[in-house]
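Remarks on the structure that follows.
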Amino acid sequence: MDGTPIFGELRDLFDKAPGRFHTPARSGADPRIAAGNADRPPAKIVIAGGRGVGKTTFVGSVSETAPVTVEAATNLGRITLQRDLVLYLLGTSEPSQAAFAGALGAVVLVDPRRVEDAFATITYFERSAVPFIAAVNVFDGEVVHELDELREALALGPDVPLTPCDARDPESAAQTLRELVSYTMNVSGSDHSSPPEIPA
Ligand SMILES: Nc1nc2c(ncn2[C@@H]2O[C@H](COP(=O)(O)OP(=O)(O)O)[C@@H](O)[C@H]2O)c(=O)[nH]1
Ligand SMILES: [Mg+2]
């Protein structure tokens, strides 16, 4: 990322809680995600939301490699925070995936012009053990002036962070990841090491 220290704060967050985000390999998990350094297994963040909301753009802008398409409409990106700490981003519009097991959190991207596209994804994560935040992808450079209205339209719980983001901008995407990681550390009483319940 051109030497830009955009991941500095993210790195610091992980360092504040060593061991907190281990994502042990689970049977059935995608081996490309489950495989990793034995010292610190890779952490996984899901970038979710409806079609065309900017998931691939987000994963691509903040990852050190071009997103890899692992199956239809699912992209994988990678951020090496430290030599032994790799963060995988899984961009997908299909929420009910076994690959979500062990994810440390999810960013649900929202297109402010069609918020209803995010309903199913938000409901999915509300019912799962995966903590999530919502990020409004600011299309057309328009500042999201009515975050409160959007929160209401999305029926977001009062404690779920809602943040504007520009998926095309690495700094903005990295900031969104920082907010998610910071939020997962502050959610009290939840066990983030549990996989989400995958509906049959
Ligand atoms: N103007 C603008 N266009 C965006 C932004 N994010 C994504 N796009 C465009 O929206 C389209 C859909 O984005 P994509 O990342 O493929 O969405 P996905 O289906 O969720 O993976 C693409 O043409 C992107 O270039 C954004 O923040 N602003
Ligand atoms: Mg895509």
Side-chain angles (χ1 to χ4, degrees), residues 1-2 4 6-7 9-10 29-30 32-33 42-79 87-101 103-126 128 130-151 153-156 160-181 183 196 198:
M1 309 289 331
D2 303 316
T4 315
I6 63 171
F7 299 121
E9 286 176 43
L10 196 53
D30 188 326
R32 285 160 296 196
I33 296 164
K44 183 167 57 180
I45 287 178
V46 177
I47 311 300
R51 270 170 222 277
V53 77
K55 300 179 298 294
T56 302
T57 305
F58 186 110
V59 171
S61 78
V62 79
S63 295
E64 62 205 15
T65 54
V68 177
T69 301
V70 290
E71 53 187 77
T74 298
N75 313 115
L76 194 60
R78 188 185 65 212
I79 300 168
L87 185 59
Y88 281 96
L89 301 182
L90 186 73
T92 181
S93 51
E94 309 291 336
S96 46
Q97 287 204 25
F100 286 17
L104 71 86
V107 174
V108 178
L109 284 177
V110 177
D111 183 335
R113 301 165 300 188
R114 34 192 189 92
V115 291
E116 62 281 1
D117 287 8
F119 289 169
T121 311
I122 287 172
T123 301
Y124 173 83
F125 284 108
E126 280 173 346
S128 83
V130 177
F132 74 99
I133 68 170
V136 186
N137 195 8
V138 183
F139 285 90
D140 306 322
E142 197 181 313
V143 176
V144 181
H145 45 279
E146 308 292 6
L147 277 182
D148 287 348
E149 278 177 29
L150 275 169
R151 171 178 293 282
L154 291 164
L156 274 187
V160 177
L162 173 64
T163 182
C165 105
D166 185 335
R168 298 164 300 178
D169 175 11
E171 169 62 38
S172 178
Q175 166 64 21
T176 303
L177 295 178
R178 285 199 289 273
E179 288 196 33
L180 172 66
V181 173
Y183 171 65
I198 309 295

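Whatever order the structure lists them in is the order used to number ligands and atoms, beginning at 1.
Shown in contact with G54 at under 4.0 Å from a heavy atom are these atoms of ligand 1, numbered in order with element: 7 (C), 13 (O), 14 (P), 15 (O), 17 (O), 18 (P), 20 (O). For ligand 1 and A167, the ligand atoms under 4.0 Å from any heavy atom of the residue are 6 (N), 27 (O). Distances below 4.0 Å separate heavy atoms of G52 from the following atoms of ligand 1: 12 (C), 17 (O), 18 (P), 19 (O), 20 (O).
Residue-to-ligand polar distances keep N75 apart from ligand 1: every N/O pair is separated by 3.5 Å or more. Considering backbone and side-chain atoms together, R51 places no N or O closer than 3.5 Å to any N or O of ligand 1.
Here the side chain of K55 pairs a donor or acceptor atom with the backbone of G50 at under 3.5 angstrom. No donor-acceptor pair under 3.5 Å is formed between the side chain of T57 and the backbone N or O of R168.
With rounding to the nearest 0.5 Å, the separation of OG1 in T121 from CD in E126 is 11.0 Å.
At a heavy-atom cutoff of 4.0 Å, ligand 1 is contacted by both the backbone and the side chain of V53.
Defined by atom type and a distance below 3.5 Å, a donor-acceptor pair is missing between the side-chain atoms of Q175 and E171.
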- Message: Show, in sequence, the C-alpha distance, side-chain angles and deciding distance for L150 and L162, and conclude whether the side-chain contact (heavy atoms from CB on, under 4.5 Å) test is met.
- Response: CA-CA 9 Å; L150 275 169; L162 173 64; 4.2 Å; yes

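Under 2.8 Å from the Mg ion (ligand 2) lies an N/O/S atom of T56, whether from backbone or side chain.
Counting non-hydrogen atoms of neighbouring residues, nucleotides and ligands closer than 6.0 angstrom, the CZ atom of R113 exceeds 12 such neighbours.
Contact between G50 and ligand 1 is present, with at least one heavy atom of the residue lying under 4.0 Å from the ligand.
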